[in-house]
Amino acid sequence: MTVRIAQISDLHFGREIDTIVTALASELSERAPALVAVCGDLTQTAREREFVAARSFLDSIAAPTLVVPGNHDLPGWRVWSRFARPWRRWRRHLGSEPFETATAVSPGLVAVGVNTARSWGFHPDWSRGRINTRQVEESLAVFEESSSSDLRVLVTHHPFLLTQASRTRGMVGRSAAALVRLKAKCDLLLGGHTHLSYCGAAGGMVVAQSGTAFSNRLKGEPNGYNLIDADGPRMTVTTMQWNGSKFEESARNDFERDDTRTWHPAH
Ligand SMILES: [Fe+2]
Ligand SMILES: [Fe+2]
């Protein structure tokens, strides 16, 4: 049984390109994924009108969605809001508790979403994120309850894998400890934040990163999203990029897992 996930990220409503928003909405209905994983940064500055636009886009998706926040979904330099009520608009428009572990289940698939964005930290760069022990343990509890034949997916905003091109964008804090705990219990880690699409294996899991779906905050590559097709021990990550008039396939990477549930690139 093949399970298909569409991974979209860094929507950044407020900086969206309308033509691409429309094109992506019809792609998502045409490709008929079992799940659309939305990897954060739904808005540019967490403004009311940006959340309204994000909500309306999510409502237009027919497939089930699993949505996590990103650092841009916090009130930026509006310091009072950032400290006193950082997630007020998220709660109002997304209707979910930002730090509650979210799950989505469909035949052959179990996905967990955790919030890696933080309203402040003991460092000057508050765009950084982290995953804490509770979030890892709650994700593991969901995976352990699922069937071993289910594809197990963890959705975050901050990445578990960086490339040379994305090395200046921080990896999710405490990623090393999380990877050790998740090893052989999770199959796929989905993230965003870098606005770059790439994938690879880390900690024995497949890590897939998608670029900015339709915002003009480009970091050296076109807008894009990923389609992930998994069938038992095989998985393919297909990157779709905007070519100026439509989305087209720009890369395809195959992975396979062994009987210790360790994933690696297929030869
Ligand atoms: Fe972003
Ligand atoms: Fe981000």
Side-chain angles (χ1 to χ4, degrees), residues 6-18 20-21 24 36-47 49-55 57-58 65-78 81-82 86-87 89-90 93-94 96 98-99 102 113-121 123-132 135 154-163 165-175 178 189-199 207-226 239-242:
Q7 176 191 11
I8 66 174
S9 187
D10 297 272
L11 285 52
H12 288 284
F13 273 100
R15 295 281 297 269
E16 79 277 22
I17 301 166
D18 289 337
I20 312 181
V21 176
L24 184 65
V36 177
V38 185
C39 299
D41 279 359
L42 276 65
T43 66
Q44 173 60 20
T45 53
R47 302 260 176 210
R49 63 177 178 279
E50 297 170 356
F51 271 116
V52 168
R55 175 76 260 173
F57 176 75
L58 294 174
T65 55
L66 183 63
V67 187
V68 296
N71 51 298
H72 277 261
D73 301 317
L74 283 158
W77 292 108
R78 299 196 297 283
S81 296
R82 185 156 187 129
W87 299 106
R89 286 182 177 147
W90 180 272
H93 295 283
L94 276 297
S96 63
F99 282 102
V114 302
N115 178 8
T116 56
R118 299 292 184 266
S119 53
W120 67 281
H123 45 72
D125 179 4
W126 289 352
S127 73
R128 282 200 228 161
R130 66 201 284 258
I131 184 163
N132 63 32
Q135 292 174 315
L154 179 62
V155 181
T156 60
H157 177 60
H158 293 84
F160 278 90
L161 180 69
L162 297 177
T163 60
S166 66
R167 70 195 181 285
T168 55
R169 308 302 311 277
M171 190 106 96
V172 63
R174 298 198 167 181
S175 62
L189 303 168
L190 299 179
H193 188 60
T194 60
H195 296 207
L196 296 170
S197 57
Y198 54 88
C199 60
V207 181
Q209 290 284 131
S210 55
T212 173
F214 42 58
S215 85
N216 60 12
R217 289 177 51 93
L218 299 173
K219 302 276 165 68
E221 68 171 46
N223 295 99
Y225 76 101
N226 288 334
T239 299
M240 306 292 293
Q241 281 187 341
W242 183 249

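Counting starts at 1 for both ligands and their atoms, in listed order.
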Once the angle between the rings of Phe51 and Trp90 is folded into 0 to 90°, is it parallel (under 30°), tilted (30 to 60°) or perpendicular (over 60°)? perpendicular
Would you check if the side chain of Gln7 reaches a backbone N or O of Ala208 as a donor-acceptor pair within less than 3.5 Å? yes
With rounding to the nearest 0.5 Å, note down the distance linking CG in Asp41 to NE2 in His195. 5.5 Å
Which atoms of the protein, restricted to N, O or S, are nearer than 2.8 Å to the Fe ion (ligand 2)? Asp41 OD2, Asn71 OD1, His157 NE2, His193 ND1
Verify, without hydrogens or angle tests, whether Glu50 (side chain) and Gln44 (backbone) share a donor-acceptor contact under 3.5 angstrom. yes
Do Ser215 and His12 pair up side chain to side chain, a donor and an acceptor below 3.5 Å, judged on atom types alone? no
List in chain and number order the residues that pass salt bridge (charged side-chain N to carboxylate O under 4.0 Å, His left out) with Arg130, two or more places apart in sequence or in another chain; answer none if no residue qualifies. none
